[in-house]
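Labels below follow one simple rule: chain letters A, B, ... track the order of the sequence lines, proteins then strands, and each chain is numbered from 1. Keep in mind that this is a model prediction, so the values were computed, not measured.
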Number of protein chains: 2
Amino acid sequence: MTARRAASARATINDVAAVAGVSRGTVSRVLNAEAYVSEAARSAVIDAISKVGYVRNNAARNLATRQSHAVGLVVHEPHSLFLEDPNIGSILLGINSALSDADYQLVSLVIDSDRDSHRVAEYLSGGFVDGVIIVSARAHDPIAKVVAELGIAAAFVGHPVDIEGIPYVGIDNFSAAKAITTRLKETGRRRIGMIAAGLDRDSGQDRMAGFRAALGDSFDAELVITTPLYAHASGVDGMRLLLDRAPDVDGVFAASDAMAAGVIDVLREAGRSVPGDVGVVGFDDSAWATRAQPPLSTVHQPAGQLGRRAAESVLAQLRGETVDTDGTFLETAIVWRDSA
Amino acid sequence: MTARRAASARATINDVAAVAGVSRGTVSRVLNAEAYVSEAARSAVIDAISKVGYVRNNAARNLATRQSHAVGLVVHEPHSLFLEDPNIGSILLGINSALSDADYQLVSLVIDSDRDSHRVAEYLSGGFVDGVIIVSARAHDPIAKVVAELGIAAAFVGHPVDIEGIPYVGIDNFSAAKAITTRLKETGRRRIGMIAAGLDRDSGQDRMAGFRAALGDSFDAELVITTPLYAHASGVDGMRLLLDRAPDVDGVFAASDAMAAGVIDVLREAGRSVPGDVGVVGFDDSAWATRAQPPLSTVHQPAGQLGRRAAESVLAQLRGETVDTDGTFLETAIVWRDSA
DNA sequence: TCGCCGTCTGGGAACGCTCCCAGTTGCATT
DNA sequence: AATGCAACTGGGAGCGTTCCCAGACGGCGA
């Protein structure tokens, strides 16, 4: 097959103007819903548009307005995130939905970790996007710094970073972790441990702090196992270690559902029943939670809303509105199932 | 914070021309790597570009060339796909990598199932994208039909559809299913069942046909359980039913790794050991495979390559090359772990 | 010497919009 | 009747490229 170009003779704004018997300017005003257009002119234009099958040429508009009407989604370390993060899909859908409502296009800027952030910086400064949403940046992130310097409209999804002046949309990891740990404690558990992860990010630190706060005096640092990743394997390794250190453990807070699933696997292997002998709670309310045996009690993250709100913040900045740089925290909810 | 516009005074091709002491046309020729530029002019232009910090304005180029230099990725039913399909992430990365190598931009066209395909058709015909990649279309897909009518450069990922003239990149589900079933049979299993899914797509049908072909005379329709989704829960339900029907089953081919994980859960619950009492094999080689206890023997799908090849097909069409409409099948490989 | 051709260059003319200014109405107010 | 103002309209200018044509230059064969 040879590629055919799409029908070459596309109608332009001039064709519409000619058919409607008005000028180019009036058509443009109708298209952009501006004031000062008579009802007669408006309906004539609308009729003409459907008659000639007019579709706006974005390239021309972008050139004239010096805006791209596109917002970039910067995702770091694509493989780990795209393939393992249970929330990224929902976040993406939330962003996409908010942007398309506002007639903006989402372009995905996947960053290969082996390339320099220079390439991204150039892309961002190249006017290809009007704004940018950054998912899950680490502290001291080079791209975050570039965005801050460029002064481009931006928002972070996930958690605050060490950069001033850029809003973020996240959840209150501290309170959520504290709440579910408290709830676990209320089921009568006395020796509660935690499998922590992602301590290089605020989210991970906050979950651990929340856990500690919930336990108060009964907190025992011995019962906190630190692992690098939020993965199933980390839960397995962490739980083995914990069981070794404290065979009398009767409650576990895992920093993610994937880890909690690993924890349950290890407990079963060791002949402990869940929730009979040990209560287990997770974090995320991802697909892991319902597929686990037994289904996990966990913290529900409003991932879709996280994306939507971040996109709305960028759009507001693009409209020239003042947005809150302190960021916003979305509500989490405890989902109590059978694992504790 | 008030949004600041990115540095307003961006260098244009004219600035470069002025600094290099050549004309606009020469700069353009250098930028597009055209012939007939003297070495002196070329290096002067290159120096000038870096001196003034020139970055190409895509809107202007798109307007002048009447091309968008963008390729759309159409994803249906975003929720089920994005959130459950273990391959979609890799496919996306593969596409993105091929496109950015060729200086094309990926724009994601997520289709909300409740809206009409009309909106997508308009988008596609609106010149916003030069080509389109469609992931996992069903038979009789309306958007696939629209693409075919438009004659826009396109490729399908996943499996052939009922549309003529559009290439696809997929795997040979029949052969792969046959191969892994045969391998399972060779481990000495006599009563082999299958948990099938996705029979509304060719991929699902082919996997079942491959299973049947591998068993030959020993095929027993009683041992095939049909479920709607490739999900963990389908594996659980399907295996319960199968165990009920045939308590002597000693081998199971699940149509996806997620289902295979569900199968294993049910077997454990029923006191059967894997692979001791029952051998289980899956399909996909997704994250489910390695996290399962025991790790799954399964069929490896080259998801990233699937995306890359589809993108390359679209790019070839865009260059006006003739591409094979029959599509291409990529090699799968059996990954033998511990579950069988 | 002349003419030709291949190599290289400059710049006018689009591409299809938006912006903005200069008008032209029609109506209320003086 | 004259004035002012709000409501509306037309069209020139410009956004930053690419495309393409006209032309300059130099080397080479006749």
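When atom types are taken as modelled, the side chain of A/D15 and the backbone of A/T12 share a donor-acceptor pair closer than 3.5 angstrom. Side chain of B/D130 to backbone of B/H69: a donor-acceptor contact under 3.5 angstrom is found.
Applying a 4.0 Å cut-off to non-hydrogen atoms, the residues of residues 17-32 of chain B that approach DNA chain D are B/R24, B/S28, B/R29, B/N32, listed by residue number. Against DNA chain C, the stretch residues 40-54 of chain B makes heavy-atom approaches under 4.0 Å through B/A41.
Within the structure, side-chain hydrogen bond (donor to acceptor under 3.5 Å, both in side chains) contacts touching residues 46-56 of chain A (residues at least two apart or in different chains) are A/R56-A/N58, A/R56-A/D103.
For B/S38, the side chain to side chain contact (heavy atoms under 4.5 Å, CB included) partners two or more places apart in sequence, or in a different chain, are B/A40, B/A41.
Using a 4.5 Å heavy-atom cutoff, the side chains of A/V107 and A/V129 are in contact. A 4.5 Å side-chain heavy-atom check between A/I171 and A/P302 finds at least one atom pair inside the cut-off. Side-chain atoms of B/I95 and B/I133, non-hydrogen and from C-beta on, do get closer than 4.5 Å to each other. Using a 4.5 Å heavy-atom cutoff, the side chains of A/Q105 and A/V71 are not in contact. Inter-residue side-chain proximity for A/I166 and A/F156 is flagged as met; some heavy-atom pair is nearer than 4.5 Å. The shortest distance between side-chain heavy atoms of B/L73 and B/L92 falls below 4.5 Å.
Going from atom CG of A/L93 over to atom CD1 of A/I91 covers 10.0 Å, rounded to the nearest 0.5 Å. Of the inter-residue distances, the one linking B/R66 atom CZ with A/R10 atom CZ reads 11.0 Å to the nearest 0.5 angstrom.
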Name each donor-acceptor pair under 3.5 Å that joins a side chain in residues 303-315 of chain B to protein atoms two or more places apart or in another chain, with its distance.
unit_1: B/R308; atom_1: NH1; unit_2: B/E312; atom_2: OE2; d: 3.0
unit_1: B/R308; atom_1: NH2; unit_2: B/S97; atom_2: OG; d: 2.4
unit_1: B/R308; atom_1: NH2; unit_2: B/D101; atom_2: OD2; d: 3.2
unit_1: B/S313; atom_1: OG; unit_2: B/Q317; atom_2: NE2; d: 3.2

Indicate every side-chain donor-acceptor pair of residues 18-37 of chain A with a distance under 3.5 Å to a residue at least two apart or in another chain.
unit_1: A/S23; atom_1: OG; unit_2: A/G25; atom_2: N; d: 3.3
unit_1: A/S23; atom_1: OG; unit_2: A/T26; atom_2: N; d: 3.4
unit_1: A/S28; atom_1: OG; unit_2: A/N32; atom_2: ND2; d: 3.4
unit_1: A/N32; atom_1: ND2; unit_2: A/S28; atom_2: O; d: 2.9

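In this structure, the helix from C/dT1-D/dA30 to C/dT30-D/dA1 shows an angle of 50° between the axis at its start and the axis at its end, each fitted on 5 base pairs and rounded to 10°.
Chain A approaches DNA chain C over the interval C/dG16 to C/dC20, counting the first and last nucleotide 5' to 3' with an atom under 4.0 Å from its heavy atoms. Bracketed by its first and final contacts, the part of DNA chain D lying under 4.0 Å from non-hydrogen atoms of chain A reaches from D/dA7 to D/dG16 in 5' to 3' order.
Of all heavy-atom pairs spanning B/I152 and B/G131, the tightest one is CG1-CA, 4.2 Å.
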